[in-house]
Amino acid sequence: MNTKSLTAMALFLALIIISGLFAIPLPAIGLPIVLQNMFCMLSGGLLGGKRGLVVVLVFLLLAFLGFPVLAGGRGGAAIFAGPSGSFLAGYALSALLCGLALERVGDGGYLKTFVIYFLLGVLVIDAMGLISMATVGGLGLTGALKAVVVFLPGDTLKGVLAAVLTVKLKRNRGWTQWAQTQ
């Protein structure tokens with residue numbers, strides 16, 4: 001790791017935290033609509049799987065330690081045992097999977113990049129979220145599925161935006177030389 005790579009990682013950590021300021025509460029299911037999932041996927045997509053994973057793990061560690069970095073200024077270990085706990089695990093997994101897949105594909109264009117973000121980002125996060133919503137949230141599998149479906153249209157739009165940003169930035173030589181230097 002060099003200074004440029006660490007700076008890019010710090011930038012993404014800041015973006016993930018700042019995006020937590022923008023949350024739309026959904027009282028019916030007890031979880032907000034957030035942008036943090038998109039920035040977690042993007043960290044993998046633009047920094048690579050391993051570095052993206054490290055960024056998200058640092059973010060989750062800060063949240064676990066009680067720093068108010070989650071949507072709505074929340075933080076603390078109890079959140080990981082609540083209805084959103086497995087969504088947070090999905091954040092880390094999606095950063096790794098999206099990053100590794102996009103490293104392999106290279107500049108796959110908008111459609112391939114979107115498909116990767118949708119399958120390995122959006123669906124992985126939402127599928128992981130089912131676990132804690134069904135068990136800890138007391139919704140059962142059917143109730144959790146219904147609740148997660150509420151997130152799919154917005155999450156799909158986040159996947160589209162992530163794909164556009166990724167393709168545009170990866171085609172920019174400056175970004176690739178700056179952020180992806182080994």
Side-chain angles (χ1 to χ4, degrees), residues 1-23 32 34-77 79-80 84-125 128 155 157-182:
M1 297 242 184
N2 60 30
T3 305
K4 290 178 181 179
S5 181
L6 289 173
T7 302
M9 291 170 73
L11 172 67
F12 266 93
L13 178 59
L15 288 170
I16 293 169
I17 293 169
I18 291 167
S19 67
L21 298 173
F22 307 99
V34 298
L35 289 175
Q36 286 180 321
N37 53 352
M38 181 183 78
F39 282 101
C40 289
M41 294 185 299
L42 272 171
S43 70
L46 290 170
L47 298 174
K50 292 176 186 174
R51 285 180 283 164
L53 174 62
V54 169
V55 168
V56 176
L57 290 176
V58 169
F59 164 70
L60 294 175
L61 176 63
L62 291 171
F64 183 83
L65 293 174
F67 288 88
V69 296
L70 294 170
R74 300 173 307 133
I79 293 170
F80 288 82
S84 61
S86 57
F87 278 101
L88 299 175
Y91 287 4
L93 185 58
S94 72
L96 176 65
L97 294 177
C98 288
L100 292 176
L102 288 167
E103 287 171 15
R104 183 166 266 198
V105 169
D107 184 1
Y110 293 106
L111 182 59
K112 281 185 184 177
T113 303
F114 166 72
V115 169
I116 288 170
Y117 277 127
F118 184 76
L119 295 176
L120 301 177
V122 169
L123 293 183
V124 164
I125 292 171
M128 292 289 293
D155 288 347
L157 288 175
K158 292 177 214 173
V160 169
L161 181 57
V164 169
L165 289 170
T166 299
V167 170
K168 294 256 185 217
L169 287 170
K170 282 190 171 186
R171 288 181 179 169
N172 178 333
R173 271 186 187 214
W175 169 263
T176 304
Q177 291 173 350
W178 183 71
Q180 295 190 330
T181 305
Q182 296 296 331

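- Nearest approach of Ser94 to Gly121, heavy atoms of both residues: CB-CA, 3.7 Å.
- Evaluation of the ring-ring contact (aromatic ring centres under 6.0 Å, His included) rule for Phe64 yields Phe80 as partners, not counting sequence neighbours.
- Here OG of Ser19 is found 10.0 Å from CG of Leu42. Values are rounded to the nearest 0.5 Å.
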Could you pull out every donor-acceptor pair under 3.5 Å between side chains of residues 161-168 and any protein atom, sequence neighbours left out?
| unit_1 | atom_1 | unit_2 | atom_2 | d |
| --- | --- | --- | --- | --- |
| Thr166 | OG1 | Tyr117 | OH | 2.6 |
| Thr166 | OG1 | Ala162 | O | 2.7 |

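- Heavy atoms only, all atoms of each residue included: Ala71 and Val34 are closest at CB-CG1, 3.2 Å.
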Scan the side chains in residues 53-63 for donor-acceptor partners under 3.5 Å anywhere in the protein, sequence neighbours excluded, and list what turns up.
none

Can you check side-chain contact (heavy atoms from CB on, under 4.5 Å) on Phe12 and Leu46, steps first, answer last? CA-CA 9 Å; Phe12 266 93; Leu46 290 170; 3.6 Å; yes
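- To the nearest 0.5 Å, the span separating CE on Met41 from CD1 on Ile125 amounts to 5.5 Å.
- Phe118 has its side chain within reach of Leu123: a pair of non-hydrogen atoms, C-beta onward, lies under 4.5 Å apart.
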Which side-chain N or O atoms in residues 109-116 pair as donor and acceptor under 3.5 Å with protein atoms at least two apart or in another chain?
| unit_1 | atom_1 | unit_2 | atom_2 | d |
| --- | --- | --- | --- | --- |
| Thr113 | OG1 | Gly109 | O | 2.6 |

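- Every pair passing side-chain hydrogen bond (donor to acceptor under 3.5 Å, both in side chains) that includes a residue from residues 34-48 is listed here, sequence neighbours excluded: Asn37-Asp155, Asn37-Lys158.
- Partners of Ile79 by side-chain contact (heavy atoms from CB on, under 4.5 Å), not counting sequence neighbours, listed by chain and number: Leu70, Arg74, Ser84, Leu88.
- Taking CG of Leu15 as the reference point, atom SG of Cys40 lies at 11.0 Å (rounded to 0.5 Å).
- The shortest distance between side-chain heavy atoms of Val124 and Met128 falls below 4.5 Å.
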Worked check of side-chain contact (heavy atoms from CB on, under 4.5 Å) between Arg51 and Ser5: CA-CA 9 Å; Arg51 285 180 283 164; Ser5 181; 3.0 Å; yes
